[in-house]
Amino acid sequence: IQQLKITDLIYPIAVEMQDKIVTRVFDKGIDGNNSPIGKYSTYPNYFTKEQFHNTGAFRGQGKTGKGKKKNGGERKSMYLIGGYKQLRQIQGDESGFVNLTYTTQLRKDFATGLRIDGNTVVISLKQNINSQKVDWLSDKYGEETFKHTKEERKFFSEETKKALIKYFNA
């Protein structure tokens, strides 16, 4: 028993579970309560070119839809009557549900962030900005945004039990 490393048994299960969480949160927009994470804002707003990840979709325009200012100067923002939801739509992004994927940086960091810490396996985001995003998104959409579902906890428990039985029967 002294040679048993919990992380050797748990890490492969944690990897599989992490994949389930990434799919649920970033592909399906479902939180830890199995509910939609939220809805994108449709509050009319101005967006600058820097706020577009697909800058080719940016067209400087005001509330009237005209490209130039009254004085003939270029507009530095784009007014979108449909708000952030419209910003996502015009760039070809998912807008029917919140999937927390805009630049894909958070998703990639989250998907590859498992590490062993002593006798546990933890999610550790490599980029500080992504840790800040998780905090901000949890504040905005709720604590359950990144929590495990009951089904995921059950999966982890059952798979761990199977791995321990296999280990002790070997």
Chemist: Is there a donor-acceptor contact under 3.5 Å from the side chain of Ser157 to the main chain of Arg153?
Modeler: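 No; judged by distance alone, with no hydrogens or angles, the pair does not exist.
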Chemist: Please collect all salt bridge (Lys or Arg N to Asp or Glu O under 4.0 Å) contacts where either partner lies in residues 11-25, sequence neighbours excluded, each pair once.
Modeler: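 For residues 11-25, and leaving out neighbouring residues, the salt bridge (Lys or Arg N to Asp or Glu O under 4.0 Å) pairs sorted by first residue read Arg24-Glu152.
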Chemist: With side-chain contact (heavy atoms from CB on, under 4.5 Å) as the criterion, how do Ile13 and Phe155 come out once you've worked through the C-alpha distance, each side chain's angles and the decisive distance to 0.1 Å?
Modeler: CA-CA 9 Å; Ile13 300 165; Phe155 166 82; 4.3 Å; yes
Chemist: Using side-chain contact (heavy atoms from CB on, under 4.5 Å), reason through Val121 and Met17 one step at a time and then give a plain yes or no.
Modeler: CA-CA 11 Å; Val121 179; Met17 185 145 160; over 6 Å; no
Chemist: Verify, without hydrogens or angle tests, whether Asp109 (side chain) and Gln127 (backbone) share a donor-acceptor contact under 3.5 angstrom.
Modeler: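 Yes: the side chain of Asp109 pairs with the backbone of Gln127.
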Chemist: For residues 76-86, run the donor-acceptor check on the side chains, cut-off 3.5 Å, and write out each pair with its distance to 0.1 Å, sequence neighbours left out.
Modeler:
from  : atom 1 : to    : atom 2 : distance (Å)
Gln86 : OE1    : Ile81 : N      : 3.3
Gln86 : OE1    : Gly82 : N      : 2.7

Chemist: Taking the side chain as every heavy atom from C-beta outward, state whether Lys28 and Thr23 have any atom pair closer than 4.5 Å.
Modeler: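 With C-beta onward as the side chain, the pair touches.
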Chemist: Indicate, with yes or no, if Ile30 and Leu106 share a hydrophobic cluster defined by side-chain heavy-atom contacts under 4.5 Å among Ile, Leu, Val, Met, Phe, Trp and Tyr.
Modeler: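 As far as the 4.5 Å side-chain criterion goes, Ile30 and Leu106 are not connected within one cluster.
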Chemist: Contact between Leu114 and Ile123 at the side-chain level, heavy atoms closer than 4.5 Å - yes or no?
Modeler: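 A side-chain contact under 4.5 Å exists here.
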Chemist: When you group the ILVMFWY residues by side-chain heavy-atom contacts below 4.5 Å and let the links chain together, are Ile165 and Phe156 in the same group?
Modeler: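 No, no single cluster joins them.
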Chemist: Just grab all the ring pair (Phe, Tyr, Trp, His ring centres under 6.0 Å) pairs involving residues 12-36, residues at least two apart or on different chains.
Modeler: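 Applying ring pair (Phe, Tyr, Trp, His ring centres under 6.0 Å) to every pair that reaches into residues 12-36, excluding sequence neighbours, yields Phe26-Phe110.
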Chemist: Using a 4.5 Å cut-off on heavy atoms from C-beta on, say whether the side chain of Tyr102 contacts that of Leu87.
Modeler: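 Yes. Closest side-chain heavy atoms under 4.5 Å.
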Chemist: Is Ile129 linked to Trp136 within one hydrophobic cluster, defined over Ile, Leu, Val, Met, Phe, Trp and Tyr using a side-chain heavy-atom separation of less than 4.5 Å?
Modeler: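 Unlinked, Ile129 and Trp136 end up in two clusters.
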Chemist: Is there a donor-acceptor pair under 3.5 Å between the side chain of Lys133 and the backbone N or O of Leu100?
Modeler: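 Between the backbone of Leu100 and the side chain of Lys133 there is no qualifying donor-acceptor contact (under 3.5 Å).
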Chemist: Suppose we screen for salt bridge (Lys or Arg N to Asp or Glu O under 4.0 Å). Which residues come up paired with Arg107, at least two apart in sequence or across chains?
Modeler: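 With neighbours one apart ignored, the set is Asp27.
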Chemist: Can you establish whether the number of heavy atoms outside Lys126 located under 6.0 Å from its atom NZ is more than 12?
Modeler: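 Buried by this count: over 12 neighbours within 6.0 Å.
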Chemist: Using 0.5 Å steps for rounding, measure from the CD atom of Glu158 to the CD atom of Glu151.
Modeler: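 One gets 11.0 Å once the value is rounded to the nearest 0.5 Å.
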Chemist: Identify, with sequence neighbours excluded, every residue that meets salt bridge (Lys or Arg N to Asp or Glu O under 4.0 Å) alongside Lys162.
Modeler: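 Partners of Lys162 under the salt bridge (Lys or Arg N to Asp or Glu O under 4.0 Å) test: Glu159.
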Chemist: Does Tyr40 belong to the same Ile/Leu/Val/Met/Phe/Trp/Tyr cluster as Phe97, with side-chain heavy atoms less than 4.5 Å apart forming each link?
Modeler: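 Unlinked, Tyr40 and Phe97 end up in two clusters.
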Chemist: According to side-chain hydrogen bond (donor to acceptor under 3.5 Å, both in side chains), does anything in residues 43-55 pair up with another residue at least two apart or in another chain? List the pairs.
Modeler: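 Sorted result for residues 43-55: Thr48-Glu50, Thr48-Gln51, His53-Asp93.
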